[in-house]
2 protein chains.
Amino acid sequence: MEEDIASALCPPASRLAGPSRIPYPMPRQAGLPSAPTQRSCLWVTLRQGAGGAPWHRPRAPAPVTPVAPCPRLVSGRGAAEVTPVEKMSGTGDPRTGPVENKNEAAMSELVPESRQKPVVPMKPVGINANLLGYIGIDTIIEQMRKKTMKTGFDFNIMVVGQSGLGKSTLVNTLFKSQVSRKSSGWNREEKIPKTVEIKAIGHVIEEGGVKMKLTVIDTPGFGDQINNENCWEPIEKYINEQYEKFLKEEVNIARKKRIPDTRVHCCLYFISPTGHSLRPLDLEFMKHLSKVVNIIPVIAKADTMTLEEKTEFKQRVRKELEVNGIEFYPQKEFDEDLEDKTENDKIRQESMPFAVVGSDKEYQVNGKRVLGRKTPWGIIEVENLTHCEFALLRDFVIRTHLQDLKEVTHNIHYETYRAKRLNDNGGLPPMTSETEENHESNL
Amino acid sequence: MEEDIASALCPPASRLAGPSRIPYPMPRQAGLPSAPTQRSCLWVTLRQGAGGAPWHRPRAPAPVTPVAPCPRLVSGRGAAEVTPVEKMSGTGDPRTGPVENKNEAAMSELVPESRQKPVVPMKPVGINANLLGYIGIDTIIEQMRKKTMKTGFDFNIMVVGQSGLGKSTLVNTLFKSQVSRKSSGWNREEKIPKTVEIKAIGHVIEEGGVKMKLTVIDTPGFGDQINNENCWEPIEKYINEQYEKFLKEEVNIARKKRIPDTRVHCCLYFISPTGHSLRPLDLEFMKHLSKVVNIIPVIAKADTMTLEEKTEFKQRVRKELEVNGIEFYPQKEFDEDLEDKTENDKIRQESMPFAVVGSDKEYQVNGKRVLGRKTPWGIIEVENLTHCEFALLRDFVIRTHLQDLKEVTHNIHYETYRAKRLNDNGGLPPMTSETEENHESNL
């Protein structure tokens, strides 16, 4: 694994080196000719024992290696030499010449037999050697945490589906606060809009000191017309407009330090709990949009189905999506490793589409407060996994895949948009003219 | 603070809204006109009590707010209504109409007096409200940690200074392993090069499961000639070449998912421990290079100075840098907040330039193994703060500022290069011609 990474990331400087073979410098091999090139690059791997990282197997004591000779071996063999106990490398400081030289002689007697010349010296040499104590490389995690705590992060979630499927309630349940307006509820003067509207509401939600700048993008009117032809178009347009905005910021000469991210990271698509099959509009929407955004299909109001109906309906929906060649998030092709694949296969084959129930009301059940829906026949607890799969969806969207949703949006969907845009433009980035900018801000 | 962030990050969609005032929807205020625009954006702030984050003061129980009415207030006043205990928002699901309406009536009696219309409705509304339980937003940190553990990170450090100042030894001490070749040591056939050379060696160092792809860039020959005029030029050229490489990758139509980062994140500049003053070459180098790279000046081989000499020399160096208008990392203007400023001021005014001693040999001192240098008059322990400031430098470069060094390189130095490059090119990005690419890889 180290070799893979090292070879993948060997900086281009390696390509600058002249001769095809530069042996790794053996510090104690006097007379080794210096590399005649002006620039060179070699790669080796060193390791500090990692505590409980799952993929990091415990290792035997450091082997005898030609690259970063672990001095413990030296002191083990030349036991007479007590100090210096350990020694990292060859020719020392000129100021300590005498001491150094004595030691060097001792070293050159001991080490040579275990040396081996690297066969392909220009490629990284994968070696596990213990470091001489703790350095602090893993503090980068803490440094990144601190930066994230300061800056917060953007997350933009879109909800799409016919009115009455509980989109707003579900997104409110997801974030346990009123983050979405009920745009077309009962007892209101609001009417179902005549065309698909796009409504974005922003919230800053803070938890454990981490600030999320959440934008909920609602799409009232979707699927509510007599003729719903092409009603996914305004949605696709909105999604692409956010990519365009980001792209324009990205190609600007004077860029913002952090480009405001309005790109849609996640689109929850609400499937009606018919128990029958997907509707043509469902297929049409997902077919078009799965190429531009991370779509997570959910079966809305799953409390209308019995356990058996739910299982059967989920299977049927998965089958229909497969037959129609519709991919949803997380796509197989974007799994980065076996761990991803194992985890995501389970989601793709078992959990999707999540059959959920939302609620913004709390009830007392066995002395505990639970979010739920009270009916004459019992309380449906939305976070109870035996009642519905809301908790699975919440864990998936927020607790395990939130960062990945953002990364796939950036690395896949945005990159696809960008490449297409630049190709259409003859390789040139879109230029923001002043008029265009004014126009936008006045819209 | 939340307001700042919210306003800074309110997505451009906010600018799309039509009327200048949209009151935040009061869920229980029947008859509120719907926003006539197709797109709108509002911002509010919600907070979950954060444990021990230092900048996060404990807060009183949620106030009565018009935006995200915390239902605890409702249940507190309308004590007769036991269930539903809590209620997040207004018009409920049509399916539970009757229950909902009863409750809604109760709400509209209780809440109005505490409502206040936002004065500037288009700006984010800063509200602290408790969420109805834990969501999991802070798991983003853990998700980022997992991603970093998988991918590792790049760190590229350059050492510059006259030969014999212990550059290689120091960098080996810094990473507690042999990461730098001793290019011009004693007892070697290598000669001091006639011109400045640039030598990059790559290592993968792993600690606590985190992989750092470290590249050490050595610059043998710097300052070693009779005439050292412009000898900083090849170094600046190398640094800029890495920016150019990154820029070319960045503007490519088909981009790599992760652009290999060969940019120099940190340049340790070694000052000779003369006890007198900086040399003209020191000033010249830092004056030119501090604009393109993060320079950290260090006083090499500080064991040649007494405590008093060291203190005096450090003060003089700081003064000289100031008089000559030379800034070093961390630059004042890039401090992001008061916390940064306080921390960095201490470093700028007290620690810089770090007076260090390097060693790659271990000795037994009071039964402990320490990295040190043995002299007839005692062992200099490099990590002992009463002996030298190596540990301060190590903590600064690796344990507190490593991520910042990378970010300043990307956000400031690279951005400066990029803006200049694009401006010189009439706003167009550099195009990579095939010949150019071939040329580079054959260098």
Side-chain angles (χ1 to χ4, degrees), chain A residues 6 9 11 13 15-16 25 34 38 41-48 50 53 68 84-86 88-89 91 94 131-132 136-139 141 143 145 176-178 181-182 185-186 190 197 200-210 212-213 253 262 360-362 398-399 403 419 422 441 443, chain B residues 6 9 11 13 15-16 25 34 38 41-48 50 53 56 68 84-86 88-89 91 94 131-132 136-139 141 143 145 176-178 181-182 185-186 190 197 200-202 204-210 212-213 253 262 360-362 398-399 403 419 422 441 443:
Chain A
L9 284 140
R15 285 181 280 133
L16 303 175
S34 73
Q38 212 186 334
C41 172
L42 288 166
W43 281 84
V44 291
T45 299
L46 304 168
R47 261 196 186 187
Q48 179 81 349
V85 182
E86 300 220 334
M88 273 196 292
S89 68
T91 318
L131 305 173
L132 298 178
I137 289 166
D138 47 2
T139 63
I141 304 282
Q143 294 175 43
R145 187 190 66 80
K176 289 191 177 161
S177 43
Q178 200 212 333
R181 292 189 277 185
K182 312 233 165 174
W186 235 216
E190 285 187 36
E197 295 182 358
I201 307 187
H203 283 78
V204 178
I205 306 185
E206 186 179 323
E207 207 172 40
V210 182
M212 173 167 75
K213 284 143 272 168
I253 292 183
T262 63
D360 41 23
K361 281 185 276 307
E362 273 192 357
I398 302 175
R399 300 187 189 174
Q403 180 64 16
L422 299 192
S441 58
L443 256 182
Chain B
L9 285 139
R15 286 182 279 133
L16 302 175
S34 74
Q38 214 188 331
C41 172
L42 288 167
W43 280 83
V44 291
T45 300
L46 304 169
R47 261 194 184 188
Q48 178 82 348
H56 194 235
V85 184
E86 300 220 331
M88 273 196 294
S89 68
T91 317
L131 305 173
L132 298 178
I137 289 165
D138 47 2
T139 63
I141 304 282
Q143 294 175 43
R145 188 191 66 81
K176 291 198 175 155
S177 43
Q178 200 211 332
R181 293 188 274 185
K182 311 233 164 173
W186 235 217
E190 285 188 35
E197 296 181 357
I201 308 186
V204 177
I205 306 185
E206 186 179 321
E207 208 172 39
V210 181
M212 173 167 73
K213 284 143 271 169
I253 292 181
T262 63
D360 42 21
K361 282 186 276 303
E362 274 192 358
I398 301 176
R399 299 186 190 175
Q403 180 64 14
L422 299 192
S441 57
L443 257 180

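Treat the numbers as computed from the prediction; the structure is a model and nothing was measured. Each chain gets a letter, A, B and so on, in the order its sequence line appears, and its residues count up from 1.
Under a 3.5 Å cut-off, the side chain of Glu206(B) and the backbone N or O of Ile137(A) do not form any donor-acceptor pair.
Legend: residues meeting side-chain contact (heavy atoms from CB on, under 4.5 Å) with Arg399(A), ordered by chain and number and at least two apart, are Arg394(A), Asp395(A), Tyr134(B), Thr139(B). Here Leu422(A) pairs with Arg418(A), Pro429(A), Pro430(A), Ile253(B) under the side-chain contact (heavy atoms from CB on, under 4.5 Å) rule; sequence neighbours left out.
Between Gln143(B) and Gln403(A) the shortest heavy-atom distance is OE1-N, 2.9 Å. Summarising the geometry of Asp138(A) relative to Glu207(B), their closest heavy-atom pair is CB-O, 3.5 Å, with the distance given to 0.1 Å.
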